[in-house]
Amino acid sequence: MKKEKWNKLRQEFPHQGFSIRTLAIWVCDAALLALSFVCLSLGGWYLLLSWALLSLVLLHIYLFQHEATHNTIAKNRIINDTIGHLFSWIIFVPYLARKRSHLLHHRYTGHPTLDPANKRAIDRFSVMTDETAKKLDLIWKSWIPLLVVNDRVGLWLDPFQKTHVDYDHPKLKIERIYVRVYLALYLITALLLFSFYSLSFVLLWYLPALVVLLFIEELINLPHHAETPLLETSDKPLHFSEQYAVSHSCEHIPFWSNFILLNFNRHIPHHLFPWIAWYQLPKLDEDIRQHMNADVLNERTRNEIKWSLINRKRSLLKIMGHYFDKR
């Protein structure tokens, strides 16, 4: 997209604050959470319904945590970050590390070292032996969300990496403090549940849904940037208006896109204008299509479910060989 057109759209889509649509989703999620707990109490086959409902709620928590990293839940940063911390704690993600990492991902999309998400994958999986490559392919073809788990673990460890040039920077020190606070709260919560003989009951409810969430995260995230060009380490970062070249959107499927994924799969508009709230993306997507070549956009649009069904049969090294340099 040409910068003048990008600037025009930027003026038409200013940063918004809290929306009644966000509140409506939260009210629905609260009702689903209560229903999930009732199904858990009934036991038997109702457990499956309980896990499915809780997985949907956790997915929305993940998506709104993503919104918080872009300060799109509320204009007030304290309110926005408070919600971000709460939602991140629920799904076992350190919010401040996630926010820093994700904003850098948007600033340096497609860069092998400056985009933290790329760097974590490259550091973990590059230069593999044949045996390691076979194990990785087995995990990939078994639909185990290894890439998401690697990213999650990386977020928890990242503030403590002494390879950071600015390791003693006040913001990194605060991140380390919050990681310790999160862990302490997990321990306190576990002890309280144990003292009330509820720990196993809650784990039976929560852990299967968390595993499903990790699976869905990989399902909806990986198609956005897999098989896109990786920049050279010497390349300058792409301007937001250029980032469609290293991103994919996924097809708009009305109920799935609007109410399950909250438009998260409209990934090209999100990268062009990362400060736009989830409920603005449909209109933004329509307007972008008026300013960009339709063939280019169609080429960079895929169905995430079909993509996964096809590519889980392929070698991960062939899909992301430019990340995983097997020698």
Side-chain angles (χ1 to χ4, degrees), residues 26 29-30 32-34 36-41 43 47 50-69 73 77-103 116-117 120 123-124 144-164 167-218:
W26 289 356
D29 283 345
L32 292 175
L33 189 64
S36 172
F37 199 78
V38 170
C39 291
L40 176 69
S41 303
L47 272 176
S50 175
W51 291 330
L53 292 173
L54 180 57
S55 297
L56 175 56
V57 173
L58 292 182
L59 174 59
H60 282 174
I61 286 174
Y62 166 78
L63 294 172
F64 280 117
Q65 177 251 21
H66 168 257
E67 290 287 308
T69 63
I73 291 181
R77 190 174 294 272
I78 294 176
I79 295 174
N80 187 88
D81 286 347
T82 299
I83 294 170
H85 277 294
L86 174 61
F87 285 3
S88 295
W89 185 83
I90 291 172
I91 58 172
F92 285 87
V93 177
Y95 174 67
L96 293 181
R98 159 70 170 164
K99 183 172 184 175
R100 171 173 54 84
S101 172
H102 191 66
L103 293 181
R120 280 192 290 273
D123 287 349
R124 175 66 181 85
I144 297 171
L146 177 64
L147 299 178
V148 166
V149 171
N150 178 72
D151 194 61
R152 289 283 187 96
V153 172
L155 287 173
W156 283 99
L157 297 178
D158 185 69
F160 298 93
Q161 298 295 328
K162 294 194 175 180
T163 52
H164 281 299
Y167 179 79
D168 293 321
H169 192 283
K171 288 188 176 180
L172 276 175
K173 289 182 179 180
I174 292 173
E175 284 186 23
R176 292 194 285 272
I177 291 172
Y178 269 94
V179 165
R180 295 184 179 102
V181 170
Y182 276 37
L183 294 175
L185 289 174
Y186 288 135
L187 179 59
I188 291 169
T189 302
L191 290 174
L192 287 173
L193 291 171
F194 181 78
S195 65
F196 287 100
Y197 305 99
S198 300
L199 182 59
S200 59
F201 187 71
V202 172
L203 291 179
L204 173 67
W205 182 44
Y206 178 79
L207 287 182
L210 180 64
V211 171
V212 173
L213 172 65
L214 297 176
F215 169 83
I216 296 176
E217 275 187 49
E218 192 159 287

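Just so it is clear, the values below take in all heavy atoms, side chains as well, and ignore hydrogens, waters and symmetry mates. Treat the numbers as computed from the prediction; the structure is a model and nothing was measured.
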Quick one: side-chain hydrogen bond (donor to acceptor under 3.5 Å, both in side chains) pairs with a partner in residues 169-178, sequence neighbours left out? Arg100-Glu175
Any side-chain heavy-atom pair of Gln65 and Ile83 under 4.5 Å: no
Below 6.0 angstrom between ring centroids: does that apply to Trp26 and Phe64? yes
Sub-4.5 Å side-chain heavy-atom contact between Arg152 and Leu214: yes
Heavy-atom side-chain proximity of Thr69 to His66 below 4.5 angstrom: yes
Which residue pairs pass the side-chain hydrogen bond (donor to acceptor under 3.5 Å, both in side chains) test with at least one member in residues 183-198, sequence neighbours excluded? none
With sequence neighbours left out, what residues match Val211 under side-chain contact (heavy atoms from CB on, under 4.5 Å)? none
Heavy-atom side-chain contact between Leu210 and Leu213 under 4.5 Å: yes
CZ-CG distance between Phe201 and Leu193, expressed to the nearest 0.5 angstrom: 11.0 Å
What do the steps show when you test Glu217 against Leu59 for side chain to side chain contact (heavy atoms under 4.5 Å, CB included), and what is the final call? CA-CA 8 Å; Glu217 275 187 49; Leu59 174 59; 5.7 Å; no
Output all residues satisfying side-chain contact (heavy atoms from CB on, under 4.5 Å) with Pro208, sequence neighbours left out; order by chain, then residue number. Trp51
Any heavy-atom pair between the side chains of Ser101 and Leu155 that's under 4.5 Å? yes
Heavy-atom check, side chain of Glu67 versus side chain of Leu63, under 4.5 Å: no
Using a 4.5 Å cut-off on heavy atoms from C-beta on, say whether the side chain of Tyr182 contacts that of Tyr95. yes
Ser36: which residues meet the side-chain contact (heavy atoms from CB on, under 4.5 Å) condition with it, sequence neighbours left out? Ser50, Leu53, Leu54, Trp205
Determine whether more than 12 heavy atoms belonging to other residues, nucleotides or ligands lie under 6.0 Å from atom CG of Leu187. yes
If I compare all heavy atoms of Val148 with all of Glu218, which pair ends up nearest, and what's the gap? N-OE1, 3.1 Å
Could you note down all residue pairs passing salt bridge (charged side-chain N to carboxylate O under 4.0 Å, His left out) where residues 87-99 supplies at least one of them, sequence neighbours left out? Asp81-Lys99
Side-chain heavy atoms of Trp156 within contact of Val93, under 4.5 Å: no
